[in-house]
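Both ligands and their constituent atoms are indexed starting at 1 by order of listing.
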Amino acid sequence: MINPDRFLSDLHTLRSFGASGVGKGVIRPAFSDADIAAREWLMQQMAEAGLTVQVDPVGSVWGLAQAPSLLLGSHTDSQPEGGWLDGALGVIAALEIARSAQQDRGAPVSVVSFQDEEGRFGVTTGSTVWSGTVSLDTADHFLDREGVSFSQARQNMAHLAGDWVDPRQFTGFIEMHIEQGPWLDAAGDTIGVVTDIVGIRDMRVTLTGEQNHAGTTPMHMRKDAFQALSAFNTRLSLAFEGVVAPATVWTIGQVNLHPNASSIVPGKVTFSMQWRDSSTGRLAEMDKIIRQVAMDVAREHGMVLNFGDMLGLEPVAMDTRLRHALTEAAETNAPGQWREMPSGALHDATNVAQQMPVAMLFVPSIGGISHAFEEDTDEADLVVGLQVLADAVARLTN
Ligand code: GLV
Ligand code: MN
Ligand code: MN
């Protein structure tokens, strides 16, 4: 039998690794000391639950039941400023269900915590490499915002790392997650059954102008990198009009302005350009527009323009059979209080879908807040989510 108290207690224990900031905030980026300590704690829980523990070469932690098994899980790394549930919820729900399956001699359930879902290096890095979407060689060259490579960072877990886990032992994958958006909370619903996950494109752009004195350089002679970025941002929104859909999103979330001092005209800016949509065609159209607007702005502001490598994941539909088990379980455990919905956030399930059928369920995020210390969910909703997941697993394995 699943034990909701043990599940909530484990979630709080996991939060203690990297607990920071206001509310229930967490700072546990991939391969940080807190992340590795949390993974070691998780390995111990998996072993005590009777699972065979294996860490793969990129630091994803697996608790394997007898094959063939259903795979559940998510990730335990966090954003540079994150909440206590993003990823953690899916892993701890998986642990509780796998542990009770072992105790009750039920159908085998395996658990995974993928590494670097939050993209310190790539985009959902651990599961992209494991699924074959990105080669290890390519990923090893990815750099974080301090210039540390993925290859260097994974040395921090080299003492734990073993072989790759064979995906053929799993019959399917279900990832439970917080919604991270406003819709369930606003509607008063408890469960979201995911229909599909949007696609993403992400690249770094650099504009290089001329660093100079902020007091003596006449305005018409400046090649100011900040002014160029500012113009790019404004022009891009206008250029997207008529192309983007209501659910399309784009973000400039990380900016390195050089040298970032009040009396210096900034000579260089490197920034992240990310966009997400459910249509591959629209993602490509936006790519063209971004490059054209950047070229126009660079020319007008006397900048040298450079585009970094583009990372991307395609939109993915959830498997009908797994999804059906989730909708039946939702109607049983939260009658009239669930809905089907797309995921605007990225998840490891996107990559796992390359190897096996996948599905996802959501519980509400209070106020729609996530990727922030304030992220939270009512504990009663967490427990309903656990029950829906356990019920769906029972429907699929009995
Ligand atoms: C994953 O955390 C995402 O950025 O959607
Ligand atoms: Mn997540
Ligand atoms: Mn996240």
Exactly one candidate in Gln115, Glu117, His347 meets side-chain hydrogen bond (donor to acceptor under 3.5 Å, both in side chains) with His75; the answer is Glu117
When Thr397, Asp391, Asn398 are each screened for side-chain hydrogen bond (donor to acceptor under 3.5 Å, both in side chains) with Arg395, the one that passes is Asp391
CG (Leu11) and CZ (Arg15) are apart, to the nearest 0.5 Å, by 11.5 Å
Q. Any donor-acceptor pair under 3.5 Å linking the side chain of Trp130 with the backbone of Pro167?
A. no
Handout entry: Whether Arg276 side chain and Ala345 backbone form a donor-acceptor pair below 3.5 Å
Key = no
### Message
Taking 2.8 Å as the cut-off, does His177 contribute an N, O or S atom near the Mn ion (ligand 2), distance below it?
### Response
yes
Requested in this report: Would you sort out whether Trp62 and Phe114 count as a ring pair (Phe, Tyr, Trp, His ring centres under 6.0 Å), showing the intermediate values?
Outcome: CA-CA 8 Å; Trp62 302 78; Phe114 285 109; 5.5 Å; yes
query: Is it the case that Arg120 places NZ or CZ above or below the six-membered ring of Phe31, under 6.0 angstrom from the centre and within 45 degrees of the axis?
result: no
Counting from 1 in the order shown, the ligand 1 atoms closer than 4.0 Å to a non-hydrogen atom of Glu117 are 1 (C), 2 (O)
Here the atoms of ligand 1 under 4.0 Å from any heavy atom belonging to Ala345 are 5 (O)
Self-check item: Non-hydrogen atom of His371 closer than 4.0 Å to ligand 1
Solution: yes
The Mn ion (ligand 3) contact by Glu117, N, O or S atom under 2.8 Å:
no
Checking only N/O/S atoms, does His75 have one that is under 2.8 Å from the Mn ion (ligand 3)?
-> no
OE2 (Glu118) to the Mn ion (ligand 3) to OD2 (Asp86), nearest 10°, is 70°
(request) Looking only at distances, please establish whether an N/O atom of ligand 1 is found under 3.5 Å from an N/O atom of Leu346. (result) yes
Checking heavy-atom distances from atom 3 (C) of ligand 1 to each of Gln180, Gln274, Glu118, Arg276, the winner is Arg276
